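Below is one structure; the comments refer to it alone.
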Amino acid sequence: MMWHPTKDAVLRLWGRRWARRVSYALVAGATVFTLVPWLASRPRVLRWAVRRIDAFVQEETGLPLDIGRIELHPVMGSVVFHDIQLGGDFLTIKQAEFHADLWSLTGPAPHIYSLRMEQPHLRLTEAGLAAIKLKSRAPRMGPLPQIQLDLFSLTDGEILVPVAMRGIPELQYQFSAKATGSGPNQIRFDLAGPRLSMKGPGGWEKGRLDVNGEASEQALSVRDGYLRLGDSQLRLKGRYETKKTPLPERMEAQVTGVLDLAQASRWGRSSKRPLEGHMAFTGTLQGSLAQPVWAFAANGQDLRPGLNAFLPGNLELKANGDWDHAQLDRLHWVSPQGEWEAHGSWSQHAPIHASVQGKNLDLDALGRVLRVQEFQGVRGNLHAQLVNPGSIEAAQRLDQWQASLKVALTQHGRDAGGLDASLHRGRAVVDRLNLDLEALKLDGTGWTTLGPRGLIQLEGECHTQVGADRVARALAA
């Protein structure tokens, strides 16, 4: 019998140690690649995995977790969860797919290729929020894991608040989201929510909410945020940078938009609308969280007062400040019935100052509201100042306020008297009260003493003369 040369070559190759090791590795790898997926797909293994995940989630959140089905693909490094329920109907997800470099998950730099979610629905209720019991943890020490996320995708998402609670109105928000990684712990995200419905005091109002930006360990940046609800809308751009020793955290933001004043009155549950129309506004915020500096400006054209006696006009507002100080640079209203302008400032460390001026004010309109016919053809100029020491305790005491008031009146172009009054150290004095109207004559003075809790003493003198037609109407009534 002859020995085949090929067999001899195989025996000689098998006699080498490295050849045996390579063979063992190949056989072991083939076994793992075939046996592990088979074991991972066994129902008993899947039920065990679900129980372990549920126990972990309940320990961390207090909410039960249920997973309808799991698909494991260890060779591909992916897992697919079907019909996820967290806390009953608190959060449901039709499908979630996770694809990653499995070996990297055991190290300090996990690499996740993709995370996809389909139809995540969040249902916020008082009972659902009360059931959440987050596990307390000590502050993390040391650097965060450097997670690389290549792609995040969320489709057909929904947030539902069936009953208003905790200041959140009844709402329904449908959205989708996408994010791509630009480096470890860095993502660019895009949230698109074309359908937003919110129930207010006047019924359901529709709008949308979109946000586009970037997030990392060092900063959160919103390149463009847009919110529209009914006839009101706003845009937001901003950036927040985390604390970097010795520098504090820093933020800057800019908000622009248009506010429907009638809508704002409804949401404020005001029984009467002081103004109707649209106001354009701009706001800025910058600095640290401890000492932010803000500024606000608004402008409205052809705004309609709630009372029909007053004509439409234009409103302008400018203000700025920080946590400890507020400055009203300008509050200006102008219409065919006159002009109002106010300035003021407030500070925790300085007195409150306020100044109000009125020019060419049409008191005839005020008379129609008050049903006082004697003000027909009357116009007035007003100047008032107000000063308070500034503390909360002092603001509650009338005897700590200081004020002055001057009013000059005309009727059909002629002088019709006026008023001079002042308040100082608890003593209010009317130095002059003189009305020289066609149907009403009045002349008087007076003074009063105010204490910490109110009026202490009042004294005055007045002479009046009323037209005969006014007396006749009073008698007829």
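Not measured: the values here are computed from a predicted model.
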Handout entry: Pair D329-N320, side-chain donor/acceptor within less than 3.5 Å
Key = yes
Practice task
Say whether S232 and Q263, considering side chains only, have a donor N or O and an acceptor N or O under 3.5 Å apart.
Solution key: yes
Problem - side chain to side chain contact (heavy atoms under 4.5 Å, CB included) assessment of L275 paired with L315 - result: CA-CA 10 Å; L275 288 174; L315 179 64; 4.1 Å; yes
Handout entry: Pairing of E374 and K441 as salt bridge, 4.0 angstrom limit
Key = no
Handout entry: Any donor-acceptor N/O pair, N185 side chain to S216 backbone, under 3.5 Å
Key = no
Exercise for the section: For residues D322 and W294, report the shortest heavy-atom separation together with the two atoms involved. Expected result: N-NE1, 3.3 Å
Handout entry: Side-chain donor or acceptor of E316 paired with backbone N/O of N299 under 3.5 Å
Key = no
Completion exercise
For W333 and L303 the tightest heavy-atom approach is CH2-O, 3.6 Å
Practice task
Working to the nearest 0.5 Å, report the span between CG of L220 and OH of Y240.
Solution key: 9.5 Å
Exercise for the section: Answer yes or no: is there a side-chain heavy-atom contact under 4.5 Å between N360 and Q337? Expected result: no
Handout entry: Donor-acceptor pair, side chain of W323 and main chain of L289, under 3.5 angstrom
Key = yes
Practice task
Taking only Lys NZ, Arg NE, NH1 and NH2, and the carboxylate oxygens of Asp or Glu, determine whether R123 and D89 approach each other closer than 4.0 Å.
Solution key: yes
Handout entry: D224 side chain vs N212 backbone, donor-acceptor pair below 3.5 Å
Key = no
Handout entry: Flag, side chain of T125 to backbone of G128, donor-acceptor distance under 3.5 Å
Key = yes
Problem - Residue pair L442, L433: steps toward the side chain to side chain contact (heavy atoms under 4.5 Å, CB included) verdict - result: CA-CA 7 Å; L442 188 147; L433 174 59; 3.4 Å; yes
Handout entry: Test item: V356 and W340 side chains (from C-beta on) under 4.5 Å apart, heavy atoms
Key = yes
Exercise for the section: Test L234 against F281 for side chain to side chain contact (heavy atoms under 4.5 Å, CB included), laying out the working first. Expected result: CA-CA 9 Å; L234 66 83; F281 62 88; 4.1 Å; yes
Handout entry: Check ion pair K243-E249 (N to O, under 4.0 angstrom)
Key = no
Problem - E118 and K94 ion-paired at < 4.0 Å - result: no
Problem - Side chain R273, main chain G306, donor-acceptor under 3.5 Å - result: no
Practice task
Determine yes or no for a side-chain-to-main-chain donor-acceptor pair under 3.5 angstrom, with Y173 supplying the side chain and L209 the backbone.
Solution key: yes
Practice task
Could you tell me whether D190 and R188 make a salt bridge, using a distance below 4.0 angstrom between a side-chain N and a carboxylate O?
Solution key: no
Handout entry: Side chain N314, main chain D302, donor-acceptor under 3.5 Å
Key = yes
Problem - Heavy-atom side-chain proximity of E59 to K135 below 4.5 angstrom - result: yes
Handout entry: No-hydrogen, no-angle side-chain donor-acceptor test under 3.5 Å, Q218 and E241
Key = no
Exercise for the section: Check whether any side-chain heavy atom of F90 sits under 4.5 Å from a side-chain heavy atom of H121, and report yes or no. Expected result: no
Practice task
Indicate whether the side chain of H278 and that of Q301 have a donor and an acceptor atom separated by less than 3.5 Å.
Solution key: no
Handout entry: Side-chain heavy atoms of K199 within contact of P169, under 4.5 Å
Key = no
Exercise for the section: Go through the steps for R223 and E214 under the test side chain to side chain contact (heavy atoms under 4.5 Å, CB included), then give the verdict. Expected result: CA-CA 8 Å; R223 291 199 298 264; E214 299 180 12; 2.8 Å; yes
Exercise for the section: Decide whether R228 and Q233 meet the rule of one side-chain donor and one side-chain acceptor closer than 3.5 Å. Expected result: no
Handout entry: Within-4.5 Å side-chain heavy-atom neighbours: L63 and I132
Key = yes
Handout entry: No-hydrogen, no-angle side-chain donor-acceptor test under 3.5 Å, Q172 and W204
Key = no
Problem - Q357-H383 side chain donor-acceptor pair, cut-off 3.5 Å - result: yes
Practice task
Return yes when atom CZ of R166 has more than 12 non-hydrogen atoms of other residues, nucleotides or ligands closer than 6.0 Å, and no otherwise.
Solution key: yes
Exercise for the section: Would you please say whether a donor-acceptor pair under 3.5 Å links the side chains of Q146 and E217? Expected result: yes
Problem - Side-chain donor-acceptor contact under 3.5 Å, E438 with Q376 - result: no
Practice task
State, with a plain yes or no, whether a side-chain heavy atom of I159 is found less than 4.5 Å away from one of F175.
Solution key: yes
Problem - Carboxylate-amine/guanidinium contact D443 R432, below 4.0 Å - result: no
Problem - Heavy-atom side-chain proximity of L437 to V378 below 4.5 angstrom - result: yes
